[in-house]
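Keep in mind that the numbers below use all heavy atoms, side chains included, and drop hydrogens, waters and symmetry copies. Chain letters run A, B, ... following the sequence lines, proteins first, then strands; residues in each count from 1.
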2 protein chains.
Amino acid sequence: MQQAIDILKTNNLSITDSRTKILAAFLKKNYALAYSDMEKKFKDIFDRATIYRTLSTFIEKGIIHSIPTSDNISMYALCKNECTEHHHHDEHVHFICNDCGETTCLDKITIPKVKLPKGYKAADVKMIVSGQCEQCN
Amino acid sequence: MQQAIDILKTNNLSITDSRTKILAAFLKKNYALAYSDMEKKFKDIFDRATIYRTLSTFIEKGIIHSIPTSDNISMYALCKNECTEHHHHDEHVHFICNDCGETTCLDKITIPKVKLPKGYKAADVKMIVSGQCEQCN
DNA sequence: GTAACTGCAAAATATTTGCATCCTT
DNA sequence: AAGGATGCAAATATTTTGCAGTTAC
């Protein structure tokens with residue numbers, strides 16, 4: 001909880017109940033959370049709108065990033081230290097387990113460089129691997 | 001148009017107006033289309049539900065595949081010949097242009113293999129590069 | 001003729017917004 | 001005290017579903 005508060009302070013965000021608790025939820029898990037997970041957890045304490053607004057605030061500040069999934073469900077995960085506002089560096093591989101459904105950030109695995117056709121300029125690269133995770137294999 | 005009909009026949013799908021026209025739209029473009037593009041184009045001729053159902057049918061049959069985007073908008077693109085039902089092989093890189101917004105399949109660029117942590121088994125890999133495309137650079 | 005496909009309407013789900021009130025600083 | 005954050009309600013967007021009528025083969 002203190003860690004969450006520290007992160008909020010670092011990002012010049014006021015310390016509110018929803019921000020602290022939602023951020024703490026991310027800190028506790030090492031995998032990505034969907035909005036629906038938030039809703040399940042916080043429905044009774046916080047309003048939908050507050051949860052959505054808190055998530056967008058975190059994304060703007062570079063505290064979390066969104067992970068594109070093939071079924072187009074918004075998933076969010078903590079950014080690592082290198083992320084700053086308007087400048088994300090989540091250039092690691094994301095893994096989605098088809099069995100348990102958990103989305104994990106494989107922080108250690110860097111995305112290999114690809115050579116694009118000439119004329120193309122890359123600004124950001126995302127890589128999503130799906131299959132079976134450690135526990136489910 | 002004839003090409004669309006042939007593809008439908010190959011996949012044992014009955015030839016209907018919506019399937020033919022929607023598939024033809026994909027064949028005409030070499031970039032990915034969002035549902036909203038379909039809607040703009042076909043709103044007056046086909047029902048929403050028909051468009052959605054047609055797209056799911058195409059995905060099931062391996063005619064098109066969905067591309068995960070960071071803003072979680074469903075994008076669809078034609079699968080190449082190697083795709084068959086329940087067994088997609090769209091292991092190429094997708095490119096999203098931040099300027100013109102077009103999503104292109106870079107068929108020629110294969111996704112490099114990554115070494116996953118032990119215990120993880122990959123079934124499918126997706127790679128999305130965003131930046132500036134040929135025309136916008 | 002029959003099974004599959006479509007349109008329509010409604011439901012379910014997901015996300016956003018305005019505004020009055022409350023809380024953080 | 002002042003500005004930002006929240007809750008509530010409603011609006012908007014997105015996707016799915018049941019069912020009756022229509023069409024492809």
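- Between A/Lys40 and A/Asp37, at least one side-chain nitrogen of the basic residue sits less than 4.0 Å from a carboxylate oxygen of the acidic one, meeting the salt-bridge criterion.
- Mapping A/Ser36 and A/Asp47 onto DNA chain C by nearest heavy atom places A/Ser36 at the nucleotide closer to the 5' end.
- Electrostatic pairing of B/Asp17 and B/Arg19 does not count as a salt bridge here, judged by no charged N lying under 4.0 Å from a carboxylate O.
- A 4.5 Å side-chain heavy-atom check between A/Thr103 and A/Phe95 finds every atom pair outside the cut-off.
- Atom P of nucleotide D/dA13 and atom OH of A/Tyr35 are separated by 18 Å, given to the nearest angstrom.
- A straight line from CG of A/Asn11 to P of D/dA5 spans 13 Å, rounded to a whole angstrom.
- The minimum heavy-atom distance between B/Met127 and A/Pro112, with the atom names listed, is CE-O, 3.7 Å.
- Set against D/dA24, C/dT15, C/dG18, the side chain of A/Arg53 has C/dG18 as its closest nucleotide.
- The interatomic distance linking A/Glu39 (CD) with C/dT13 (C1') rounds to 9 Å, in whole Å.
- In this structure, CD1 of B/Ile15 is placed 11 Å from P of C/dT6, rounded to the nearest angstrom.
- Checking the phosphate oxygens (OP1, OP2) of D/dT16, no side-chain nitrogen or oxygen of B/Tyr52 falls inside 4.0 Å.
- The CZ-P distance, from B/Arg48 to D/dT14, rounds to 11 Å in whole Å.
- Shown here for A/Ala4 and A/Ala24, the closest heavy-atom pair between the two residues is CB-N, 4.1 Å.
- Between A/Lys61 atom NZ and D/dG4 atom P there is a gap of 12 Å when expressed in whole angstrom units.
- The backbone N or O of B/Leu13 lies less than 3.5 Å from no partner atom in the side chain of B/Asn11, so there is not a single donor-acceptor pair.
- Atom P of nucleotide C/dA14 and atom CD1 of A/Ile51 are separated by 13 Å, given to the nearest angstrom.
- Among the atoms of the strands shown, only primed sugar atoms or phosphate atoms (P, OP1, OP2) are found under 4.0 Å from some heavy atom of B/Ile45.
- Between the CG atom of A/Asp17 and the P atom of C/dT25 there is a distance of 12 Å, given to the nearest Å.
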Within the sub-3.5 Å range, which N or O atoms of nucleotides 2-5 of chain C have a protein N or O partner, and how far apart are they?
unit_1: C/dC5; atom_1: OP1; unit_2: B/Arg19; atom_2: NH1; d: 2.9
unit_1: C/dC5; atom_1: OP1; unit_2: B/Arg19; atom_2: NH2; d: 2.7
unit_1: C/dC5; atom_1: O5'; unit_2: B/Arg19; atom_2: NH2; d: 3.4

Q: Check the pair A/Arg53, A/Ser18 against side chain to side chain donor-acceptor pair (under 3.5 Å), reporting the backbone distance first and the verdict last.
A: CA-CA 10 Å; A/Arg53 283 189 279 228; A/Ser18 62; over 6 Å; no
